[in-house]
There are 2 protein chains.
Amino acid sequence: MIAEQLITAGIRPTAQRLAIAEFVLRSTAHPSADEVFDAVNEKFPTISTATVYNTLKLFTEKQLLKQLHLRDDRIIYDPNVTRHHHFVDVETGEIHDIEWGAIDVCRIQELSNLDVEDYEVVLRGRRRESE
Amino acid sequence: MIAEQLITAGIRPTAQRLAIAEFVLRSTAHPSADEVFDAVNEKFPTISTATVYNTLKLFTEKQLLKQLHLRDDRIIYDPNVTRHHHFVDVETGEIHDIEWGAIDVCRIQELSNLDVEDYEVVLRGRRRESE
DNA sequence: GTTCGTGCAAACGGTTTGCAACAAT
DNA sequence: ATTGTTGCAAACCGTTTGCACGAAC
C-alpha cells in the first residue's frame, strides 16, 4: 500500500502526500511538477503548487523518486529508482525506460583516473511501426 | 580562424559574436550562458545578456554548439559537436568529455520497435588521485 | 532604405520561499 | 507546547522577447 511505502520512507502520510504519491509513484510517464499538480488537482482541488513542489522534493530526498533532466524546459520525475536507461522519443518527447540488462556498456572500468559510481545511457530516436 | 568558422556557418562575424565565439568555441569547460556573459563582459563591457543568449541560440542552430542538460539549474554549452560521452564529477560539478571510442555500447540495435538515432553515456563519479 | 544586430528593460515560466493558519504529537 | 504541514502570495532566477537605435549591405 502507498501509505506504508511513505511511512517506511519516514514520511508522514497526509492526504495531500497520498494523493501525490498515488499519481507519481505509480506513473510510468515521467511527469513534471505541473503535470503532477494538474492530475492531483482534479481529485484534490485545494492543493497548492507549493505542496506539490515540497512533496516532490521530499520524495526525492527520501529516494522514492529520481529527478531527470532529459527535457530542456522542466524537471521530470521517475518513480523507478533502480538502475535503468532512458529512451527519448524525439517526435513526442515521451521518455521510456530501458531495462538495465537490455544494453551492455563495456570498458567503463578502463577509464583512467575516473571512479565511475553510476552511469546511464540516454537514447534518442523514434518508435518504429511494429509490424 | 574563428571569423572564418562563423562565416562558413552562415553567421556574420560581428565584434560581439567574435568575442563570444572565441570564448565558448574554444572552451572545454562546458560553460553556461551567464559564465559566457561574465567572461566576455570582461573584455567587452557593453555586451548585454540578450546578445549572449541570442548568440548562443544562433550558434546552436548553426551546429557550432550543442546544448547539454547535465546540470539541474542551467543549460550548458559544448563546442564539441562530434559524438562523445560525458563524465560528471559529483564533487565539483565539472563536466568532462569522454571520447567516443573509449566506451562500447552493445545491443542497441536489438531494442525492439526503437529506431535509435543517437545515444550517449552519462557517467557520474569522481576523479581518482593519479599516482 | 531595408535588413540585420545590439542593448535595455520588461516579461515569462518553472521553482522556491516567507509566513500565517492549522493539524498532529 | 512544540513540531510538522499546508496554501497563498511574493520572490527568485534563468531565459526570452519587444522595441528603438544603430550598423551593414
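When reading the values below, keep in mind they use all heavy atoms of this one structure, side chains included, and skip hydrogens, waters and symmetry mates. Throughout, a chain's letter reflects where its sequence line sits, starting with A, and its residues are numbered from 1.
The side-chain contact (heavy atoms from CB on, under 4.5 Å) test applied to B/Gln67 returns B/Thr60, B/His69, B/Ile75, B/Tyr77, not counting sequence neighbours. In this structure A/Glu117 satisfies the side chain to side chain donor-acceptor pair (under 3.5 Å) test together with B/Arg126, sequence neighbours excluded. With sequence neighbours left out, A/Tyr119 forms a ring pair (Phe, Tyr, Trp, His ring centres under 6.0 Å) with A/Trp100. Annotation: side chain to side chain donor-acceptor pair (under 3.5 Å) contacts of B/His30 (sequence neighbours excluded): B/Asp78, B/Asp97. For the side-chain contact (heavy atoms from CB on, under 4.5 Å) test, residues two or more places apart in sequence or in another chain that qualify with A/Arg107 are A/Glu110, B/Asp104. Residues satisfying the ring pair (Phe, Tyr, Trp, His ring centres under 6.0 Å) criterion with A/His96, sequence neighbours excluded, are absent altogether.
As judged by a 4.0 angstrom heavy-atom cut-off over every strand, B/Ser32 is placed among residues making no nucleic acid contact.
Among residue pairs with one or both ends in residues 33-59 of chain B, none qualify as ring-ring contact (aromatic ring centres under 6.0 Å, His included); sequence neighbours excluded. Listed by first then second residue, pairs satisfying salt bridge (Lys or Arg N to Asp or Glu O under 4.0 Å) with a partner in residues 4-19 of chain B number zero, not counting sequence neighbours. Residues in residues 39-54 of chain A take part in no salt bridge (Lys or Arg N to Asp or Glu O under 4.0 Å) pair, two or more places apart or across chains.
For DNA chain C, the outermost nucleotides in 5' to 3' order that have an atom under 4.0 Å from a heavy atom of chain B are C/dC4 to C/dC8.
Regarding contacts with the backbone of D/dT16, every side-chain N or O of B/Tyr53 stays at 4.0 angstrom or more from both OP1 and OP2. OP1 and OP2 of D/dT5 both lie 4.0 Å or more from every side-chain N or O belonging to A/Thr14.
The nearest whole Å value for the distance from the CG atom in B/Asn54 to the P atom in D/dT16 is 9 Å. Atom C1' of nucleotide D/dT6 and atom CG of A/Asn41 are separated by 14 Å, given to the nearest angstrom. Taking atom CD1 of B/Ile11 as the reference point, atom P of D/dA24 lies 18 Å away to the nearest angstrom. Atom-to-atom, OH of B/Tyr77 to C1' of D/dT15 comes out at 9 Å; the value is rounded to the nearest Å. Look at CG on A/Leu18: it is 10 Å from P on D/dT6, rounded to the nearest Å. Taking atom CG of residue A/Asp73 and atom C1' of nucleotide D/dT15, one finds them 12 Å apart after rounding to whole Å. B/Glu35 places its CD atom 11 Å from the P atom of D/dG14, with the value rounded to the nearest Å. For the pair B/Phe37 CZ and D/dG14 P, the interatomic distance rounds to 13 Å; values are reported in whole Å.
Under the 3.5 Å distance criterion, the side-chain polar atoms of A/Thr55 are matched with a main-chain donor or acceptor of A/Thr51.
The stretch residues 59-71 of chain A has no heavy atom under 4.0 Å from DNA chain C, so no residue of it qualifies as close.
Nearest-nucleotide positions on DNA chain C place B/Ser48 closer to the 5' end than the other of B/Ser48 and A/Lys57. Closest-nucleotide positions on DNA chain D for B/Arg74 and B/Ala50 were compared, and the one nearer the 5' end corresponds to B/Arg74.
Closest of all the heavy-atom pairs between B/Gln63 and B/Val81 is O-CG1, 3.6 Å.
When distances run from any side-chain atom of B/Arg12 to the nucleotides D/dC25, D/dT6, D/dG7, the shortest one goes to D/dC25.
The end-to-end axis angle of the helix from C/dG1-D/dC25 to C/dT25-D/dA1, rounded to 10 degrees and based on five pairs per end, is 10°.
A donor and an acceptor atom, one from each side chain of B/His86 and B/Glu120, are located under 3.5 Å apart.
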